Protein chains: 2
Amino acid sequence: MARTAGSHSDITGPRVREAALSLFAQHGYAAVSMRQIAKDVGVQAGALYNYTPDKQSLLFDLLRGHMDELLTARAQERVPDTPLAQLEAFSKFHIRFHLERPLAVFISYMELRNLTPENFATIEELRRRYEGQLETILRDGHEAGAFHVVDTKITTLAIIAMLNGVNTWYRSGGRLSLPEVEAIYWDMVRKAVT
Amino acid sequence: MARTAGSHSDITGPRVREAALSLFAQHGYAAVSMRQIAKDVGVQAGALYNYTPDKQSLLFDLLRGHMDELLTARAQERVPDTPLAQLEAFSKFHIRFHLERPLAVFISYMELRNLTPENFATIEELRRRYEGQLETILRDGHEAGAFHVVDTKITTLAIIAMLNGVNTWYRSGGRLSLPEVEAIYWDMVRKAVT
DNA sequence: GCTTGATCTGAACAGGTGTTCAGTTAATCT
DNA sequence: AGATTAACTGAACACCTGTTCAGATCAAGC
């Protein structure tokens with residue numbers, strides 16, 4: 001046996017990435033074998049190497065793709081005039097974007113240590129760029145007298161951590177709708193900095 | 001060769017747990033082999049089995065030990081009268097306790113998925129018990145009119161997430177002292193709920 | 001209809017995995 | 001000093017790991 005009926009690169013390729021994303025999120029990068037991913041796709045392990053040079057690239061491409069999407073989506077958002085409105089837009093954007101991609105968000109935080117040093121540096125730089133946007137909003141708002149923040153850097157990290165926490169409990173179709181969640185978190189963020 | 005000079009159960013035992021904690025935190029449970037742990041201790045892999053029935057127990061004992069310490073330490077804290085003072089005490093206790101054990105905190109959040117279902121349920125119950133204390137404070141304060149919280153359960157998780165975030169950046173001997181960090185976070189928590 | 005190239009299989013590679021255990025040594029007890 | 005036992009080694013077990021590749025098969029282009 002060899003090539004199977006209906007096999008197509010543009011079908012198998014995405015399925016490999018989907019299977020890897022799902023399995024990495026469930027069990028962790030190190031705990032998932034190439035044979036498990038292959039089984040999920042319905043293919044032999046060797047066939048995966050038509051779509052990725054190695055296992056490490058599979059992880060790295062998922063993380064870089066996620067960060068690229070994040071920065072691109074953020075760049076397309078309208079930027080309001082006042083610091084307060086900017087902070088609201090950022091908070092709600094962050095929650096919405098993250099709730100739409102729970103698995104990618106999850107591995108983007110959990111699997112950083114399984115990246116090679118070079119790959120880690122790349123992802124870290126993208127993350128720094130994103131979080132820097134929040135820090136800029138806070139600093140501008142602080143200088144304009146709109147916010148009361150003791151330490152801009154730490155406040156940035158505290159807000160990001162709080163917003164990311166939403167992924168630990170939110171399940172779509174649950175008790176609260178997305179706008180309700182956005183409102184609750186924005187309420188807490190706003191009060192924490194004013 | 002066999003028993004080595006100076007070998008002692010009460011010395012090697014703790015060293016096995018320390019090595020496991022350190023390596024699990026660095027590379028993740030699944031990525032660390034028993035032979036790596038043994039090498040760190042300065043012993044052959046087989047000798048580890050004098051101190052743990054298997055690798056899974058090594059992880060579970062670390063997590064359960066951490067949660068036990070957390071609940072015990074919390075139970076020994078004085079409980080203030082007012083909800084606001086209780087929230088302050090909880091926030092500062094949480095930060096202090098977590099900053100003193102960065103590695104144990106780290107694996108307690110990262111390695112939950114590598115526990116067997118039974119072990120996971122045990123740890124989850126202990127965590128629920130701890131977080132329930134914060135939820136009780138928030139509910140009492142809400143009913144007494146001291147706090148303004150839209151959703152008690154979500155606020156609990158948001159605060160925990162924010163406080164846990166401190167472990168992602170704090171390094172002892174850094175720019176800020178422990179009391180300063182406590183003050184900054186308590187300031188944000190207080191404002192977020194009042 | 002035939003050729004060409006993309007797609008996949010199945011086996012193989014060298015090395016790593018958790019765990020067990022007979023045998024050996026060092027510390028302790030009498 | 002001699003016996004006992006706790007502590008450890010080193011080899012072995014069966015199996016899993018990421019990765020490679022010759023060969024088989026299907027889809028597409030002429």
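Chain letters run A, B, ... following the sequence lines, proteins first and then strands; every chain starts at 1. Being a predicted model, the structure only gives us computed values, none of them experimental.
For the pair B/Tyr49 OH and D/dG10 C1', the computed distance is 15 Å after rounding to whole Å. Straight-line distance from the CG atom of B/Asn114 to the P atom of C/dG18: 12 Å, rounded to whole Å. Separating the CG atom of B/Leu48 from the C1' atom of C/dG18 is a distance of 11 Å, rounded to the nearest angstrom. What separates NZ of A/Lys55 from P of D/dG18 is a distance of 5 Å, to the nearest Å. Rounded to an integer number of Å, the gap from CZ of A/Arg15 to C1' of C/dT7 is 14 Å. Atoms CG (A/Leu58) and C1' (D/dT19) sit 14 Å apart, rounded to a whole Å.
Listed by chain and number, the residues in a salt bridge (charged side-chain N to carboxylate O under 4.0 Å, His left out) with B/Glu135 are B/Arg139, B/Lys153 (sequence neighbours excluded). Here B/Ala45 pairs with B/Arg35, B/Ala38 under the side chain to side chain contact (heavy atoms under 4.5 Å, CB included) rule; sequence neighbours left out. Residues satisfying the side chain to side chain contact (heavy atoms under 4.5 Å, CB included) criterion with B/Gln86, sequence neighbours excluded, are B/Val79, B/Pro80, B/Ile137.
At least one side-chain nitrogen or oxygen of B/Thr12 sits closer than 4.0 Å to the OP1 or OP2 atom of D/dC8.
For the pair B/Tyr29 (side chain) and B/Gln56 (backbone), a donor-acceptor distance under 3.5 Å is present.
Listed candidates were C/dT19, D/dG18, C/dT7. Nearest to the side chain of A/Asn50 is C/dT7. Comparing C/dC8, C/dG18, D/dC8 by their closest approach to the side chain of B/Tyr51 singles out D/dC8.
Sorted by first then second residue, the ring-ring contact (aromatic ring centres under 6.0 Å, His included) pairs that include residues 123-158 of chain A, not counting sequence neighbours, are A/Phe90-A/Tyr130, A/His94-A/Tyr130. Annotation: salt bridge (Lys or Arg N to Asp or Glu O under 4.0 Å) contacts involving residues 11-34 of chain A, sequence neighbours excluded, are absent. Residues in residues 104-123 of chain A take part in these salt bridge (Lys or Arg N to Asp or Glu O under 4.0 Å) pairs, two or more places apart or across chains: A/Glu111-B/Arg113, A/Arg113-B/Glu111.
In the helix from C/dG1-D/dC30 to C/dT30-D/dA1, the rotation axis of the first five pairs and that of the last five pairs differ in direction by 10°, rounded to 10 degrees.
If you check the side chains of A/Asn119 and A/Thr116, you find a donor sitting under 3.5 Å from an acceptor.
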Tell me which donor-acceptor pairs under 3.5 Å the side chains of residues 172-189 of chain A have, and how far apart each pair is, sequence neighbours excluded?
unit_1   : atom_1 : unit_2   : atom_2 : d
A/Arg175 : NH2    : B/Asp151 : OD1    : 3.1
A/Arg175 : NH2    : B/Asp151 : OD2    : 2.0
A/Ser177 : OG     : A/Glu180 : N      : 3.4
A/Ser177 : OG     : A/Glu180 : OE1    : 3.3
A/Glu180 : OE1    : A/Ser177 : N      : 2.8
A/Glu182 : OE2    : A/Arg96  : NE     : 3.4
A/Tyr185 : OH     : A/Trp169 : NE1    : 3.0
A/Asp187 : OD1    : A/Arg190 : NH2    : 2.6
A/Asp187 : OD2    : A/Lys191 : NZ     : 3.4

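Using a 4.0 Å cut-off on heavy atoms, the residues of residues 30-44 of chain A that approach DNA chain C are A/Arg35, A/Val43, A/Gln44, listed by number.
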